[in-house]
Number of protein chains: 2
Amino acid sequence: MAGNGNRLDDAARAAWLYYIAGNTQEEIAAKLGVSRQSAQRLVSQAMAAGLVKVRIDHPIAECLRLATDLKARYDLQFCDIVPSGLDSDSTTIGIAEAAATEIERWLTREDPIVLTIGTGRTLKAAVECLPRIDCPHHTVVSLTGNISPDGAAAYYNVVFTLASVVTAKTFPMPLPVIASSASERKMLHDQKIVRSTLAMAERADVSFLGIGELGESAPLYVDGYITHDELLALQKTGAVGEIVGWAFDADGEIIQGLTNERVASAAIPSRDTSLVIGIAKGSVKRAAIRAAVAAGLVNGLITDEATARALLA
Amino acid sequence: MAGNGNRLDDAARAAWLYYIAGNTQEEIAAKLGVSRQSAQRLVSQAMAAGLVKVRIDHPIAECLRLATDLKARYDLQFCDIVPSGLDSDSTTIGIAEAAATEIERWLTREDPIVLTIGTGRTLKAAVECLPRIDCPHHTVVSLTGNISPDGAAAYYNVVFTLASVVTAKTFPMPLPVIASSASERKMLHDQKIVRSTLAMAERADVSFLGIGELGESAPLYVDGYITHDELLALQKTGAVGEIVGWAFDADGEIIQGLTNERVASAAIPSRDTSLVIGIAKGSVKRAAIRAAVAAGLVNGLITDEATARALLA
DNA sequence: ACATTGAATGAATAATTGCTCAAAACATTG
DNA sequence: CAATGTTTTGAGCAATTATTCATTCAATGT
C-alpha cells in the first residue's frame with residue numbers, strides 16, 4: 001500500500017519483520033497490506049539483494065582445532081576454518097562469509113589501515129556479503145589491474161564492488177591484468193599514478209587474496225587473461241597455482257619467465273611485515289593452496305574443513 | 001557441561017549449514033547423521049541460544065528498531081519512523097507520506113470509524129498525499145475551528161482538503177481557532193451544531209494531530225492566531241508545544257489560563273479508548289514532541305529517524 | 001532392584017513457506 | 001489505438017518446517 005515507495009524499502013521492511021521481529025509472512029502481509037505471496041516475494045528479494053546478513057557466532061570446536069593445527073603446521077598468523085558439508089566442492093559458499101567477517105573486522109578498526117585486495121570469484125562473493133561500513137580513515141588498494149583483455153572492466157575485480165559499500169579511500173589499478181609484453185608492463189608501471197598506487201600497496205597492513213589454480217578451468221585462462229598455450233606452458237614448468245596473477249609451482253616458487261614477465265599486478269605484500277590472507281577451498285585448488293601456505297606466499301588462510309583436513313593429511 | 005557444549009557445537013554447525021550454506025533441514029540431518037526433527041531442534045536451539053545473528057543492511061531496519069524502542073519507552077500504541085534524509089530539518093518530507101499511509105489504512109477499513117483530525121502544515125501535506133478513497137461509511141471530524149483571525153477560511157485546516165479527495169462524511173468546526181474570550185468560546189460551543197460535532201469528536205476511533213512548537217516561529221503565532229505578547233506569556237509559563245491549539249509545558253501539562261482559556265478546539269480525544277497519533281519532526285519541535293509522548297497526550301507517533309534518536313537519548 | 005523423573009527421540013500432523021502457472025496490469029511500439 | 005512484450009499478481013499446490021504426543025532411555029533417589 002502506501003503508494004509507490006521504494007520496492008527495496010518494502011523488501012527491507014518485510015525482511016526485518018521476518019528475520020528480526022519473527023513475524024510470519026502472513027502477518028507481514030497484513031501489516032504491509034499486501035498478499036501473502038507478495039510478502040514472500042519481498043522477503044526473498046531482500047535476500048537476493050543481499051540485504052540480509054546472517055552470522056553464526058560460535059567457534060565450532062572441530063574447526064577451531066583444525067585451524068590451530070594448520071597455524072602450527074604452516075606457521076600461519078591467521079587461520080579460519082569454516083564447516084563444510086561432507087561433500088562440499090560447492091563454489092565459494094561459506095568462506096565468502098568468513099572472509100567478509102574478517103574484512104569487516106579490519107575495516108571497523110579505529111586506527112587507519114591500508115588494506116589491499118586481489119581478485120576472483122571468492123573475493124567477489126565475500127565483498128558482496130559485506131554490510132555498509134563507514135570508514136573514510138582506511139585505505140583500500142587493489143593489487144591487480146582492472147582492465148580485462150577486451151578492454152572492458154575486469155568483472156572479478158572487486159575494488160569497485162567494495163567501494164560501493166564501504167566509504168574507505170579506494171585505489172584501483174588502471175592497468176590490464178596482464179600486459180602484452182614485459183616492456184609494456186614496465187612502461188605502465190612507470191606512470192606516476194601507478195607508481196604511487198604500487199607504493200601504497202607496499203604499505204599494506206592486511207591483504208585479502210584469492211588463490212587460483214592452473215588446471216583446465218584456471219580462472220586466468222577461463223576469463224581470457226592467458227591463452228591455452230600459455231596455460232600449457234605454465235603447467236609444463238610445474239605451475240600449480242596463482243595469486244593475483246603470479247604463477248607458482250608446487251614448492252611455492254614464483255615461476256620465472258612466461259606470463260609472469262608480463263603480470264601487471266603489484267607484488268604480494270610482505271609476509272614479514274603484514275598479514276596476507278589467502279582465501280580458497282576445494283579439491284581442485286588443493287595443490288595451489290598447499291604450495292602457497294607451505295612456501296609462505298601467504299601467512300593467513302581462510303578455507304573449509306575438508307580442505308583443512310587435506311592440508312593436514 | 002561437556003555434553004551441553006558439544007550439543008551447542010552441533011547446533012552451531014546445523015545453524016551454519018542452514019542459514020549460511022542454505023541447506024534444507026533434511027540435508028543437514030543426513031550430513032550430521034541425525035533425524036530430520038533432530039536437525040530442526042538443533043537449528044532452533046542455535047536460534048534460542050542466540051548463536052544466530054541476523055542483520056538487515058538497510059536504513060529501514062534502523063527505523064523499525066527505533067520504532068520498537070520508542071513504543072516501549074513511551075508506552076505508545078503505534079509508532080512509525082521514516083528514514084531521515086541528510087537534511088533532517090527539512091519540513092514535512094517523509095512523515096507526510098507515512099501519515100497518509102496510515103490515514104489510508106484506516107479509511108480503507110470495512111467497518112465504519114470516526115476519524116478526527118487537527119491542523120497544520122504537516123497534516124496538510126499528508127492529506128495531499130492521499131489517493132481518492134471511497135468510504136461513505138466513515139466519519140471525519142475536525143478538532144479545530146476553520147475560521148482564521150481575519151474571517152477567512154483557515155488555510156491549514158485540512159478537513160476540506162480531505163473532503164475533496166475522500167467520500168467520508170466530514171464535519172468541519174464552524175468556529176474560529178481561538179475565540180476572543182472565554183465567554184465567547186462558551187457561547188460558540190453551546191450552539192447545537194457545534195455541540196453535536198464536539199460530541200462526535202469524543203467518539204473518535206483514531207485521531208491525527210500535528211504537534212506545534214511555541215518558539216519564535218510557532219505556527220499559532222506565525223499564522224496570526226495569537227499575538228506576540230500572548231506567545232511570550234505562554235513561553236513564560238513554560239509552554240513548549242501545542243496540539244490543536246492547547247498549549248502544554250515540558251511535562252506535558254496543559255497550561256492553565258492564558259490563550260488556553262479561549263482555545264475553541266475540541267479536547268484531544270481520549271488516549272484510553274482511542275488511538276491518538278501525533279505527527280511531527282525536527283529539532284525545533286523536539287521538546288514539544290518529547291513532552292507530548294512522555295505525558296501521554298498522544299499514544300501514537302509518526303516522526304523521523306533523527307527525532308526518534310533524540311527522543312531515545 | 002525398582003519406581004520416578006526428565007530429557008531425547010521419532011511418528012504424525014499442523015503450519016508455514018516456496019514454486020509454478022495463468023491471468024491481469026502495465027508499458028512500449030508500430 | 002491496437003498490438004505486442006514484459007512485469008506483477010494471486011491461486012493452487014508442493015515442499016519444507018514447526019509442534020504435539022506417546023514412547024524410550026538413562027540417571028537418580030528410595
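Note: hydrogens, waters and symmetry copies are ignored here, and every other heavy atom, side chains too, is used. Order of the sequence lines fixes the chain letters, A, B, ..., with proteins taken first and strands second; residue numbering starts at 1 for each chain.
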*Mind checking what makes side chain to side chain donor-acceptor pair (under 3.5 Å) contact with B:Asp111, not counting sequence neighbours?*
B:Arg109
*asked:* Among residues at least two apart in sequence or on other chains, which ones pass side chain to side chain contact (heavy atoms under 4.5 Å, CB included) with A:Ala280?
replied: A:Ile211, A:Lys285, A:Ile289
*Which residues pass the side chain to side chain contact (heavy atoms under 4.5 Å, CB included) test with A:Pro131, sequence neighbours left out?*
A:Lys53, A:Glu104, A:Ile133, B:Arg55, B:Asp57
_So, using side chain to side chain contact (heavy atoms under 4.5 Å, CB included) as the criterion, who are the partners of A:Ala39 when residues are at least two apart?_
A:Ile28, A:Ala29, A:Val34
*From the 5' end of DNA chain D to its 3' end, which nucleotides mark the outer limits of contact with chain A, defined by a 4.0 Å heavy-atom distance cut-off (strictly under)?*
D:dT9 to D:dA11
*End-to-end bend of the helix from C:dA1-D:dT30 to C:dG30-D:dC1 (five-pair axes, 10° rounding)?*
20°
*Which residue pairs pass the salt bridge (charged side-chain N to carboxylate O under 4.0 Å, His left out) test with at least one member in residues 59-73 of chain B, sequence neighbours excluded?*
B:Glu62-B:Arg65, B:Glu62-B:Arg309, B:Arg65-B:Asp69
*Taking side chain to side chain contact (heavy atoms under 4.5 Å, CB included) as the test, write out the residues that go with A:Ala67, two or more places apart.*
A:Cys79, A:Ile81
_List the residues meeting ring pair (Phe, Tyr, Trp, His ring centres under 6.0 Å) with A:Tyr221, not counting sequence neighbours, and say none if there are none._
A:His228
*Under the side chain to side chain donor-acceptor pair (under 3.5 Å) test, which residues partner B:Glu102, sequence neighbours left out?*
B:Arg105, B:Trp106
*Indicate for each nucleotide in nucleotides 15-21 of chain C, in 5' to 3' sequence, whether protein heavy atoms under 4.0 Å reach the base (B), only the sugar-phosphate (S), or nothing (-).*
-SBB-B-
*List for me each residue that meets salt bridge (Lys or Arg N to Asp or Glu O under 4.0 Å) alongside A:Asp134, sequence neighbours excluded, and say none if there are none.*
none
_Check this for me: A:Glu216, atom CD, are more than 12 non-hydrogen atoms of other residues, nucleotides or ligands nearer than 6.0 Å?_
yes
*asked:* For C:dG10 and B:Ser35 - does any side-chain N or O of the residue sit under 4.0 Å from the phosphate oxygens OP1/OP2?
replied: yes
